[in-house]
Each structure stands twice: as C-alpha cells, then as structure tokens.
Asks: 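Got a structure for you, questions after.
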There are 2 protein chains.
Amino acid sequence: MIDDTEARKRIVEAADRLFYARGVQAVGMDAVRAEAGVSLKRIYSLFPSKDDLTVAVLRHRRAQWNAGLAAGAAQAHTARAKLLAIFDFLDAWFREPDFHGCAFINVFGELSGGSDDVRRTVREQKQAFADYVAALVRDAGAPAALAPQIAILAEGAQTTAAILGGPEAAAQARAAAATLLDAALAPDAGRAAA
Amino acid sequence: MIDDTEARKRIVEAADRLFYARGVQAVGMDAVRAEAGVSLKRIYSLFPSKDDLTVAVLRHRRAQWNAGLAAGAAQAHTARAKLLAIFDFLDAWFREPDFHGCAFINVFGELSGGSDDVRRTVREQKQAFADYVAALVRDAGAPAALAPQIAILAEGAQTTAAILGGPEAAAQARAAAATLLDAALAPDAGRAAA
DNA sequence: TTACCATGAGAACGTTCGTTCTCTATAGTA
DNA sequence: TACTATAGAGAACGAACGTTCTCATGGTAA
C-alpha cells in the first residue's frame, strides 16, 4: 500500500494528464482511477468530489508554471531580460507536441458556468502572473502601465498558439513586448511619466 | 406553423444565448427546445446533431462579431483609426453585463478534445480576424509583422477581461497597440523594414 | 488459528443527456 | 364527414457519469 502523500501525487498527476488532454468533463472518474492505479474509494477519501480534484490539478499546474517561469528567469540577469524570458518559456511550451492551450483558460471556458472554486482558482493564477509581471516592470524602471500590456501579450500568445496551432505567436508577442519596453524606457517616454 | 428559415433562426439564437451563458455541455437539447419554442423533432430535422447546432451557433456569433467590428471601423477614417477601433469595440463588449469571454475561446476550451468541426470553425474565425487585422496594417503602411502583434493583443484582452472580470484590458491593449503602431510608423522604424 | 479491520475491485444507484419513437390533435381535401 | 399527412408534446431508450456500496482478500493482533 502507498501512503496518502504518494496516492495524492499519483491521482493529481494522472488527472492532470487526462484533464488537459481531453477536458475535465470528458474524463470520467473511472478513467482517473485507471490512469492513477488508485481505487475510487481511495480517490474519494482524498478528494471529496471531482470539483476538489479539479482544483488540486489546477494548483499542481500552477506550481509547474511557476517553476518553468522561474527557471527561465534565472538565466536572465536584468528585469528586462526576465520579462522577455517569459516569451521564450512560452515558445518552448508551444512546441511541445501535446500543447493545446493554457489549461487555466481551457478549464475556465469549460467550467465557467459551474464551480465557483474552479473559477476562483483560475482567477488567482492569472492575477498572480499579472503581479509577477508588474514586479519585473517596476524593477526595470518602466511605468506601471506597461505591466498589463505585457501580461495581455502573454495571454494572447497562449490562445493564439492553441487555436491557430503553431509556436509563432510566442516570437511575435516577444517582439511586441520588446518594442513596448523600448518605448517605455526611451528618454522621451519619460515626459509622459514625469 | 413557422417556416424552416424562421425556425432555424429561433433555434440558433436560443442555443446561442444558452450555450454562451452556461457552456455547451451544460445545456441539454431539451433546454434549447424550451428556449426556442420549437419541438425536438423539428430541431433534429434542421440540425442532425448537437455538434451541427454548435457549429451553426458559432457561425451566427461570427456574423455578429463581424458586424460589430465593421460598425466600429465605419466610424474611423484611417487604417490606423480602424485598428484602434477594434479595441473600442472590445471595450464596449467587455462592459456588457453578461460578458464572460470570447465564445470561440470558451468553446475551444470546452470541446477541443471533441468535435473536429467545432475546432475547425473556431480556427477559421480566429484566422479571419488575423486576416482582417493584416489588411488594415497593410493599408496603414506598417510592416506586416505588426499584424499578429495587434491580433495577439486583442485575443489577450478578451481572455484577460473574461478571467479577471473588468473592462480595463481593452484600454490597456489599445494603448499597447497605439505604441506599437507609432513605433512601426516612426521614421527610424523604416531602417529595420528597409 | 481465529476474529477483525482496512483495502481494492468493481457492481450498483440515481441522474442526466443526446437522440429516437409514439401518440394525439389538427388542418386540408374530397 | 371520413381520410391522410404532418407536426408537436413528451415518453422512452441506451449510454455515460459522479458517487456510494458490497464483498472478497489479505494482513494483523491475540
């Protein structure tokens, strides 16, 4: 027998794979049981409902996302470079064979009429990303108004890459972000901020 | 009795309201019947399956979207103004009380693991929008690389407004688009293009 | 060994859904 | 008036799902 921590991990990772590949509603709890190798009874003893499991999966995704973002940022040494590294991270992600969009956006579209917990978890993730970008923009010495612009580029790149089906959106968004950064940091941009 | 054209219209409009408000999978065909006031038999005689109805609803949405975009563009007299009018159109849309995201993105997230027809219809819509932006960018005399950047801003504004829940993303994306346009049309931007 | 408890496998339950079928009422026609 | 064709109302059907329950099994304590 495996302990609760290991069982939890197996269940969440299995559900993550299945939910992302096929959508939450299209995956039955029995499929999660088969993929995780953990009995239904055990699953329901650890997660009271499919909704709770979905939230746990989203939290797992958030941890993965944050780790990937941090790894990309660690290679960069200026705030400006860390901001652009976001798009390099996206570029690598878009090239993965099973990429088909941001799990948070997909789940939001699928369950927005349903669970409040899921909706709140998605919002928290996007807000946290916006805050991350805002901190880097501040470090770069750019006006705060630049932050949501760069966050919007990142969001747009994800949906564009998912729907149109190529990695190009990452480079396109990166170029736009670079232009916006240059404009915000250019000497005569200071006039508007001053 | 109403004729087929009228019945089709009632069914598609009813399904559009319900699908957008609650999601496709969460709405049963019986709810569509009740909202449209058309019998199930009639619905199935006009649309062979729920998938076909979903595609018809997306086509209806596309027509609405194109009309709104055209109305906004008609007020503007330069290509640059028509490009920025996209974001004014988004701004007005985001302020509608029942706005909760782009129907195409939502449906894509919901059914991406399912129907090929739905996936293709969503892709066609986003591609058509990208083409629309590209034509305006060409008219404005800006480099072609600007077009996907502006399209990505529009997509990102839609998901950001849906998830974070305010209309601010439209103005933020508009400001970014204006900066990108200025940078693309500035004299010294010609060096890169030349 | 025997009694007991926890566990996994999966059957079972109640609900919902997409789709089809039945029945009835009506309208048109001779 | 009698017959026919059509369409609506909604029952019916088969499948799938989330969740719970049953039962057999295997390990453990006395």
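Below, chain A is the first sequence line, B the second, and so on; all start at residue 1.
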Asks: Whole Å only: how far is the CG atom of B/Leu46 from the P atom of C/dG18?
Replies: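 That distance rounds to 17 Å.
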Asks: Tell me the interatomic distance from B/Asp3, atom CG, to D/dT6, atom P, rounded to whole angstroms.
Replies: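 One finds 17 Å between P of D/dT6 and CG of B/Asp3, rounded.
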Asks: Please identify each residue that fulfils salt bridge (charged side-chain N to carboxylate O under 4.0 Å, His left out) with A/Lys82, with sequence neighbours left out.
Replies: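 Applying salt bridge (charged side-chain N to carboxylate O under 4.0 Å, His left out) to A/Lys82 gives none.
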Asks: In whole Å, I'd like the distance from the CZ atom of A/Phe47 to the P atom of D/dT20.
Replies: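 In whole Å, D/dT20 P and A/Phe47 CZ are 15 Å from each other.
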Asks: Could you list the residues that satisfy salt bridge (charged side-chain N to carboxylate O under 4.0 Å, His left out) with A/Arg95, not counting sequence neighbours?
Replies: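 Listed in chain order: A/Asp91.
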Asks: Under the side chain to side chain donor-acceptor pair (under 3.5 Å) test, which residues partner A/Asp98, sequence neighbours left out?
Replies: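 So A/Asp98 forms no side chain to side chain donor-acceptor pair (under 3.5 Å) with any residue.
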Asks: Partners of A/Asp139 by salt bridge (charged side-chain N to carboxylate O under 4.0 Å, His left out), sequence neighbours excluded?
Replies: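 Once residues adjacent in sequence are excluded, A/Asp139 has no partner under the salt bridge (charged side-chain N to carboxylate O under 4.0 Å, His left out) criterion.
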Asks: Could you check whether B/Tyr20 and B/His100 have their ring centres less than 6.0 Å apart?
Replies: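 Yes, the ring of B/His100 comes within the 6.0 Å limit of the ring of B/Tyr20, centre to centre.
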Asks: Please determine if a side-chain N or O atom of A/Arg42 lies less than 4.0 Å away from the OP1 or OP2 oxygen of C/dT7.
Replies: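 Indeed not, no polar side-chain atom of A/Arg42 lies that close.
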Asks: Holding to side chain to side chain donor-acceptor pair (under 3.5 Å), I want the full list of residues that pass it with B/Glu124, two or more places apart in sequence or in another chain.
Replies: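 Once residues adjacent in sequence are excluded, B/Glu124 has no partner under the side chain to side chain donor-acceptor pair (under 3.5 Å) criterion.
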Asks: Checking A/Phe89 now: which residues fulfil ring pair (Phe, Tyr, Trp, His ring centres under 6.0 Å) with it, not counting sequence neighbours?
Replies: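 With neighbours one apart ignored, the set is A/Trp65.
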Asks: Base contacts versus sugar-phosphate-only contacts with protein, heavy atoms under 4.0 Å: please encode nucleotides 14-19 of chain D as B, S and - from 5' to 3'.
Replies: ---SSB
Asks: Take atom CZ of B/Arg33 and atom P of D/dG10, then tell me their distance rounded to the nearest Å.
Replies: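 That distance rounds to 7 Å.
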Asks: Please write out the pairs of protein N or O atoms and N or O atoms of nucleotides 23-27 of chain C separated by less than 3.5 Å, giving the distance to one decimal.
Replies:
none

Asks: Can you name the residues that form a salt bridge (charged side-chain N to carboxylate O under 4.0 Å, His left out) with B/Arg22, not counting sequence neighbours?
Replies: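 None.
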